K.L.:
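Would you mind keeping the following structure in view while I ask a few things?
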Amino acid sequence: MVNSFTVFGLFFLVLLFLNAYLFGDDDLLSGILGFFSVAAMFNVFLMNRNREAGRIGLTAINYSLAILLLYTGGHESTGMLWCYLLVAVGIFINSFRNGLILNSMFLLITAVILMVGYELGLSRVEYGDVISVRVVITLVALSGMCHILIFFQGRADQQILDMHEGGIASLAYLDSLTMLSNRVTFRSVLYHEIQLGSTRYTGLIYIDLDNFKLINDEYNHDFGDEVLAEYATQLKRTVFTVLGEDKVREYDVGRLGGDEFAVFIRDASDEAKVKALAEEILAITAQKQLKALEKVKHNLGSSLGVVVVDTKHFDLIESLSVADKGMYQAKKAGKGKIRYVSLSGSIEAPQQVAEAV
């Protein structure tokens, strides 16, 4: 923003300088405009090296130029008109507190120059009383509106920062019940992995909880949500334990909807580890590891579809559908099973080659 203001202002400064130099008869005014044109050019360079220095530089240019325009009067005593623009920019590029302090000082100096500047030798122009009062009032009104805008914008920015620090911003990427990545985020993870192509062999595990609807029907949906939340926690813990915390990222375990979950394995070159993970995931329900279900009768299980993907030949997002089909095959085979799937030929023609119970 500071750089844009500087470039925008530089354009008009150069035009005004050329106009004053070529057609005006005030050497002081043309000299001032020429000096600030050069200063603005330098500030563009400075801004690209150090943003804070560029902001300070533009602030100094704005207020100094405004005061000097009031002193000289500008072309045919119209210099005061540029003060409105310069004041607004000076407020917008600073924080609320700094902008308020600097602007208050400027308004005080402006009032002195307009009201008694000519008598005290602070201005070459004798401004009329009516004009002076109206300029001061309108500058105060403009400043007030700008400060109000900056104040509430600052509060909004702080709320966004607080939300981010509190983790609320991440809710857009997470499933609110399980705190796993949601469907959109999980597919985005696969998409970005396709772009990076950092690993030759990756893996996908598609999970569906068997007979979960019966739990909802018999014990109500609130209890069902409790089971899903605990299962998600156990699933994520299992993935981190088997693969290692350095091999798993935050959004690699997701809830795709309802009672369906998925796991992205970034390095599936060790097929034994992939199978070990699938078996540990199956054990969450097979070995009744969920405490929420300890005191109720249930028949909760899980069916898994597992696919190892050669990322040089197959698309990860399409492979998720293949893993999904593998999961349904596991269900048709009697539920509580793992269907391992391999891809041959092309992704449009997957072949299922192995099954494990």
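What you see is a predicted model; the values in this text were computed from it and never measured. When a residue number appears, it is its place in the shown sequence, counting from 1.
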K.L.:
If every non-hydrogen atom of Ile93 is compared with every non-hydrogen atom of Arg55, which pair is closest and at what distance?
P.N.:
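Answer, listing the atom of Ile93 first, then Arg55: O-CD, 3.0 Å.
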K.L.:
I'd like to know whether the aromatic ring centres of Phe264 and Tyr251 sit less than 6.0 Å apart in this structure.
P.N.:
no
K.L.:
Do you know which two heavy atoms are closest between Ala53 and Asn50, and how far apart they sit?
P.N.:
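So the minimum-distance heavy-atom pair works out to N-OD1, 2.9 Å.
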K.L.:
If hydrophobic residues (ILVMFWY) are linked whenever their side-chain heavy atoms come closer than 4.5 Å, directly or via other members, who joins Met105 in its cluster?
P.N.:
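Ile101, listed by chain and number.
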K.L.:
Taking the six-membered ring for Trp, are Tyr63 and Phe106 parallel (under 30°), tilted (30 to 60°) or perpendicular (over 60°)?
P.N.:
tilted
K.L.:
Is the number of heavy atoms from other residues, nucleotides or ligands under 6.0 Å of Glu119 CD greater than 12?
P.N.:
yes
K.L.:
Between Thr178 and Ala232, which heavy-atom pair has the shortest distance, and what is it?
P.N.:
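Taking Thr178 first and Ala232 second, the nearest heavy atoms are CB-CB, 3.4 Å.
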K.L.:
Over all heavy atoms of both residues, which pair between Ala330 and Leu304 is shortest? Give the atoms and the distance, please.
P.N.:
CB-O, 3.8 Å
K.L.:
I'd like to know if the side chain of Glu230 and the backbone of Ala292 have a donor-acceptor N/O pair within less than 3.5 Å.
P.N.:
yes
K.L.:
Group every Ile, Leu, Val, Met, Phe, Trp and Tyr by side-chain heavy-atom contacts under 4.5 Å, then state whether Ile56 and Leu58 land in the same group.
P.N.:
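In one cluster: no.
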K.L.:
Is it the case that atom CZ in Phe240 sees more than 12 heavy atoms from other parts of the structure closer than 6.0 Å?
P.N.:
yes
K.L.:
Should Asp175 and Arg255 count as an ion pair when the cut-off is N to O under 4.0 Å?
P.N.:
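Arg255 and Asp175: salt-bridged.
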K.L.:
How far apart are the closest heavy atoms of Val341 and Val322, and which atoms are they?
P.N.:
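The answer is CG1-CG1, 3.5 Å.
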K.L.:
Under 4.5 Å between side-chain heavy atoms, counting indirect links through other Ile/Leu/Val/Met/Phe/Trp/Tyr residues: same cluster for Ile67 and Ile131 or not?
P.N.:
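Yes, Ile67 and Ile131 fall within the same hydrophobic cluster.
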K.L.:
Show the nearest heavy-atom pair for residues Ala278 and Tyr340, with the distance to one decimal.
P.N.:
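Of all heavy-atom pairs spanning Ala278 and Tyr340, the closest is CB-OH, 3.8 Å.
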